[in-house]
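Notes for the one structure printed next.
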Amino acid sequence: MSFDDIVARDIKENPVLIYMKGFPESPMCGFSALAIKVLKLYDVPISARDILGDLKLKECVKAHTNWPTFPQIFIKGEFVGGSDIILDMHQASELIVPRFYYQKGQLKDVLGDIAQKHEQKESS
């Protein structure tokens, strides 16, 4: 399997994916630590790959997104950006985007269905 295939599979199979320096439990840079901190606020499962251990993987991810820095965050198969963008989205409540309104005015959010599926799995 090529690195391009690995990246494509990672993005497809993981609702919240971060290519980062280090691991969620032990980030190796402040930007990766910030991104993890923001994502953990939403109580969603986070899949991660450490790009420090494999320069070919790092270069493949950069080529895939045409984005030069890490971390690189994907939500539901779409490239979101890095730690500054995910922080801005959080502060602007854009991670809780109105997708549609219920009669009572409730909102469906971007990460909510992922969190709900995660909760259902854990209670099974």
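Here, residue 1 is the first one in the sequence, and each next residue gets the next number.
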Which residue pairs pass the ring-ring contact (aromatic ring centres under 6.0 Å, His included) test when at least one of the two sits in residues 63-82, sequence neighbours left out? Trp67-Phe79, Phe74-Phe79
Return all side-chain donor-acceptor pairs below 3.5 angstrom for residues 80-91, not counting sequence neighbours, or 'none' if the list is empty.
residue: His90; atom: ND1; partner: Tyr42; partner atom: OH; Å: 2.6

Does some side-chain heavy atom of Leu57 sit less than 4.5 Å from a side-chain heavy atom of Val7? yes
Results of side-chain contact (heavy atoms from CB on, under 4.5 Å) for Asp5 - residues two or more places apart only: Met1, Ser2
Side-chain donor/acceptor pairs under 3.5 Å, residues 21-28, sequence neighbours excluded:
none

For Lys62, the salt bridge (charged side-chain N to carboxylate O under 4.0 Å, His left out) test, sequence neighbours excluded, returns Glu59
Residues in side-chain hydrogen bond (donor to acceptor under 3.5 Å, both in side chains) with Asp10, at least two apart? Tyr19, Arg49
What's the spacing between [X] [atom1] and [Y] [atom2] if we round to 0.5 Å?
| X | Y | atom1 | atom2 | value |
| --- | --- | --- | --- | --- |
| Cys60 | Asp4 | SG | CG | 4.0 Å |
| Ile11 | Glu78 | CD1 | CD | 11.0 Å |
| Ile73 | Ser32 | CD1 | OG | 8.5 Å |

Give me the atom names and distance for the closest heavy-atom approach of Ile18 to Ala35. CD1-CB, 3.7 Å
Is the backbone of Lys56 close enough, under 3.5 Å, to the side chain of Asp54 for a donor and an acceptor to pair up by distance? yes
Could you state whether [X] and [Y] fall into the same hydrophobic cluster, counting links through intermediate Ile, Leu, Val, Met, Phe, Trp or Tyr residues with side-chain heavy atoms under 4.5 angstrom apart?
| X | Y | value |
| --- | --- | --- |
| Ile46 | Val61 | yes |
| Leu34 | Leu41 | yes |
| Leu39 | Phe31 | no |

